[in-house]
Amino acid sequence: MHPYRTHKCDELRKSDAGATVRLSGWIFRKRDHGGILFIDLRDHYGITQVVVHPSRSFFEALTHAKLETVVTVTGVVTPREESTVNPDLPTGEIEMVADECVLESPAEQSPIYLPGDDDCAEEVRLKYRYIDLRRESLHNNILLRSKIIAHLRQVMTAAGFNEYQTPILTCSSPEGARDYLVPSRVHHGKFYALPQAPQLFKQLLMVAGFDRYFQIAPCFRDEDARADRSPGEFYQLDIEMSYATQDEIFAVVERVLVDTFKTFSEKTVDETPWIRIPYQEAMLKYGTDKPDLRIPIEIFDCSATFANSGFNAFAGAVKAGSVVRAIPVKGIKDKPRSFFDRLVAYAQSIGSKGLAYLVWDGDEIRGPIKKFLSDDELTALAAAGGVTDGDVIFFVCDKPTKAAGIAGDIRSKLGRDLAIIDEKVFRFCWIVDFPMFELDEESGAVVFSHNPFSMPQGGMDALLNQEPLDVLAWQYDVVCNGVELSSGAIRNHRPEIMYKAFEIAGYGPEVVEEKFSSLLNAFKYGAPPHGGIAPGVDRMVMLIAGAENIREVIAFPMNQRAQDLMMDAPSEVSERQLRELHIKIRGKEVNQTE
RNA sequence: GGGGACGUGGCGCAAUUGGUUAGCGCACCGGACUGUCGAUCCGGUGGUCGCGGGUUCGAAUCCCGUCGUCCCCGCCA
C-alpha cells in the first residue's frame, strides 16, 4: 500500500464500501464525543469524515491533536446510516473507520481558524499566507488562475500565436512608470531594470519576422498599489501581430476573452463584436474612459439650454467656458429628501460646487432650480434626457474635464447606491480614438497623452496638417464592467513619423535616437506594420472570480507598501554584497533634504 | 507625497462616550458524553487596550506624537 494515500479526500463513494484505504491530509475540524471522535480530513481535493473509536491506540493522540495537523489514516470505507448521511459533502455517504494513524506533522495553534468565515487581519493573512491559502475560497481562486492561464495559452496557440520569452534583466526605459533597478556587479555604476512590459522586445520580435507573438508576461512597475493594482509585479497576456489592422487585433482579443470568460464564469458575456466608444464620447456619456456599462445611465450635455436661462449660476459659468452635464435617472422621485441631500454632499466632497436636480413628479416638475427655468427649457431637458414621470435629472456645472469627471463619479455612485448594476453580466467595450497629444495641465505644453509608440491616425499627413490636439491615435482600451482590462495600439513603425511625433511633443531627433535607439535602429532595417495589446491577467482572474481585491487572486502578494510580510521583502543586504555591487547606502537625512 | 478608516488575549468584535475587577463569540486547556458534521453541556487559562508622551483624583475612551494595516488621491508611457 502507498505510504501516504490510496485515494484523495474527495474520491470515496458508497461503491468503495468495505475497501481498506489510506488517506492523508490536514485535520480540518474535530467533533469529540468522548466515546467516538469524528475528524474532517481535508486535502486539496476535498473532505472525508474519519471515525476514530476509543479502542484505538491513537485515539488519545488524535483527540488532543491541534487543528491543521497533518495525518495519514488507514481504515475501512463504511457506508453511513441513512440518518447520518451528509448531503453537503460529495463523500457524505461514506466515512472511513480508522485502524491505523501516523501523525505526519503536528501543528501548533493556527493563527487563522480555517473553518470559520470570520475574516482576519490582512497582515496576519499575508504573514501566514501558506495557511490562508488552504481556505477554500482563496485556494479556489489560485486554482482558477492556473486554469485560466492554461486556457489562455491553449486559445492563443490554437489561434496561430507562439509564446516567446523576453528578458527579465533589461535596461531602464525613459518614459512611463518608475523602474525597478538591479545593480550590475560587472559594470561599475550601471544598472539593469526589470521590464515594465516587454513592449520593445515584442515589437523587435515583429521586426525579426515572428509575425504572431504572445506571452504570459511578468511586468514590473514601481508604483503605488490600489485594490485592483498589485504593487511591484503583475502579469499580462501580451500580444503583438504583424500586418494587422485594428479590427483584426480586436477580433483576436474578443475571441480569447469571450472564450475565457464563458469557460470560467456563469455570467453572461457580451456577444462580439463589442461596441466601440470613441474616447470623447466616453468622456461625455460616462465621464470616464473606463465606463461600467452595467449602469443604465447616460450623461448628456445641456450647456446650451442653460446658457440663456434664468439660472445665473449656470448661465454665467457657461459663458465663461464651463459646461453643464446632466445625469438622468429613472424612477427615483420617491427617494427621501435625505437621499438627495447626501448626493449633493457627495458631489461637493469630490470637488463639485454643487449638484442641481429636477424631479418629474406627475404633472409637476420640482427641485431647487425649477423656478429659474422656463417651460421651454424644462421641456427641452426632458426631451434630451428621455424623461418620463418619476425620473430625476442631476446637473453638474464646471470646466469640461472636471464636469465630466464629477458627473462620471456621480453616475458610478448612483449605480452602486441604487443597486441598479446587473451583477450577472460582463459588459465589454472598446474605447477607441484616443487623442495622440494633450495639453499638460501645469506647463500648458503639448505632450503625448498615451503611448509615444502609437501610430497617429492619418500618419505623417495628420501630424503635418492637423492641430496636434485634434490628431487621434490608433490606440485602444478594453474595458469590462468599469475595469480597464487592457491597453493597446497599432505601433508607429516609421522612423520619420516617430521623429515628427516627438518633435510635436517637444523632443528633438537626438532625444529619440538616444532613448529609443534599439527600436529606431531596428525600424531602419525593414519593419512590418504591427500592433498589439496586453490584457491584464490578474484583473481578468479578479473579474471572473468576483474578487474585490487583486491580492485574492495572487498566491503570494505584497501588501500595499510593496512588502512581502511572509518573506520579509524587501530586506537589507550584507555590506559585502553592497561592496561587490559598488553601492553605498545614503543616510536617510540626505534623502530628506534633497 | 497627501486625505480617510482602523489598531483591545491566537482570531473576530464589544465596553452605556472619562468611572469599580476590560466583556462576548471562536480557537486553546480540563471535565462529561458512542453518531456528529459550525457537535453539545460544564469549568478554566490567556489582555501593561499598537507604541511613547501629556491632561485628569481617575484614560481603552480626551489631546499630541509615532508605528502598522487597509481604502482613496497623486502616480501607473
Side-chain angles (χ1 to χ4, degrees), chain A residues 28-42 47-55 59 63-68 78 80-89 91-92 95 97 107-128 131-132 173-179 195-197 199-200 219-232 234 349-351 405 409 434 436-438 441-442 447-454 473 475 484 487-489 491 501-502 505 515-516 534 536 548-549 551 558-561 563 565 592:
Chain A
F28 183 52
R29 268 186 298 245
K30 284 191 295 187
R31 291 174 295 280
D32 179 3
H33 288 245
I36 190 167
L37 172 66
F38 298 101
I39 289 175
D40 287 343
L41 193 68
R42 183 200 74 236
I47 290 174
T48 300
Q49 172 163 285
V50 175
V51 184
V52 186
H53 290 290
S55 56
F59 178 81
T63 298
H64 293 102
K66 297 260 200 296
L67 298 183
E68 295 308 306
T78 311
R80 299 201 201 179
E81 267 181 45
E82 189 79 33
S83 61
T84 61
V85 164
N86 183 348
D88 299 329
L89 231 48
T91 59
E95 60 198 2
V97 179
E108 293 180 15
Q109 180 174 355
S110 169
I112 300 172
Y113 178 58
L114 295 172
D117 44 14
D118 276 354
D119 238 351
C120 72
E122 192 84 30
E123 197 176 350
V124 177
R125 296 184 55 198
L126 291 174
K127 183 168 179 190
Y128 299 97
I131 301 175
D132 197 31
S173 64
E175 301 225 10
R178 275 184 288 267
D179 286 313
Q196 296 180 18
Q199 182 67 34
L200 295 178
C219 304
F220 305 91
R221 295 179 193 173
D222 186 3
E223 295 296 345
D224 292 330
R226 287 290 183 276
D228 64 352
R229 202 165 82 208
S230 173
F234 60 97
S349 77
I350 58 170
D409 264 8
F434 279 86
M436 185 83 190
F437 304 101
E438 65 187 13
E441 295 249 334
E442 280 171 30
V447 297
F448 286 111
S449 71
H450 236 84
N451 181 336
F453 306 118
S454 302
Q475 168 89 41
E484 185 188 315
S487 228
R491 320 297 173 187
F502 275 84
K515 291 185 170 177
F516 305 106
E548 292 292 320
N549 192 290
R551 287 185 297 275
M558 295 202 281
N559 69 5
Q560 190 175 40
R561 302 208 321 163
Q563 296 167 299
L565 298 177
Q592 281 169 353

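Naming: A, B, ... by sequence-line order, numbering from 1 per chain. Note: hydrogens, waters and symmetry copies are ignored here, and every other heavy atom, side chains too, is used.
- Using cut-offs of 30° and 60° on the angle between ring planes, the pair A/F453 and A/F516 is perpendicular.
- A/L67 and A/A107 make their closest contact through O-CB, 3.6 Å (heavy atoms, listed as atom of the first residue, atom of the second, distance).
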Reading nucleotides 67-73 of chain B 5' to 3', which nucleotides get B (base under 4.0 Å from a protein heavy atom), which S (sugar-phosphate only), which -? -SSBBSB
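- Within 4.0 Å of A/E81, counting heavy atoms only, lies no atom of the nucleic acid at all.
- Base pairing annotation: B/rU66 forms a Watson-Crick or G-U wobble pair with B/rG50, both donor-acceptor distances under 3.5 Å.
- For the C1' atoms, the distance linking B/rG9 with B/rU66 amounts to 24 Å, nearest Å.
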Could you run down the sub-3.5 Å N/O contacts of the protein with nucleotides 41-44 of chain B?
none

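- Contact check on A/R551 versus A/E122 returns a salt bridge, with a Lys/Arg side-chain nitrogen under 4.0 Å from an Asp/Glu carboxylate oxygen.
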Report all interatomic pairs (protein N or O, nucleotide N or O of nucleotides 27-34 of chain B) with separations under 3.5 Å.
residue	atom	partner	partner atom	Å
B/rA27	O2'	A/Q109	NE2	3.0
B/rC29	OP1	A/K66	NZ	3.2
B/rC33	N1	A/H33	O	3.4
B/rC33	N3	A/H33	O	3.1
B/rC33	N3	A/G34	N	3.2
B/rC33	N4	A/G34	N	3.0

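- In this structure B/rU17 sits in the syn conformation; its chi angle is within 90° of 0.
- Picking from B/rU36, B/rC75, B/rC37 the nucleotide with the shortest atom distance to the side chain of A/E223 gives B/rC75.
- In the model, A/S110 has no side-chain atom that pairs as donor or acceptor with a side-chain atom of A/E68 under 3.5 Å.
- Using a 4.0 Å cut-off, no side-chain N or O of A/R31 falls inside it from OP1 or OP2 of B/rG38.
- The residue A/R80 sits close to a base: some heavy atom pair falls under 4.0 Å.
- Nearest-nucleotide positions on RNA chain B place A/V85 closer to the 5' end than the other of A/V85 and A/S449.
- Side chains of A/D40 and A/Q49 form a contact here, defined as non-hydrogen atoms less than 4.5 Å apart.
- The base-pairing partner of B/rG25, taking Watson-Crick or G-U wobble contacts with both distances under 3.5 Å, is B/rC11.
- Side-chain N/O atoms of A/R229 and base N/O atoms of B/rC76 include a donor-acceptor pair closer than 3.5 Å.
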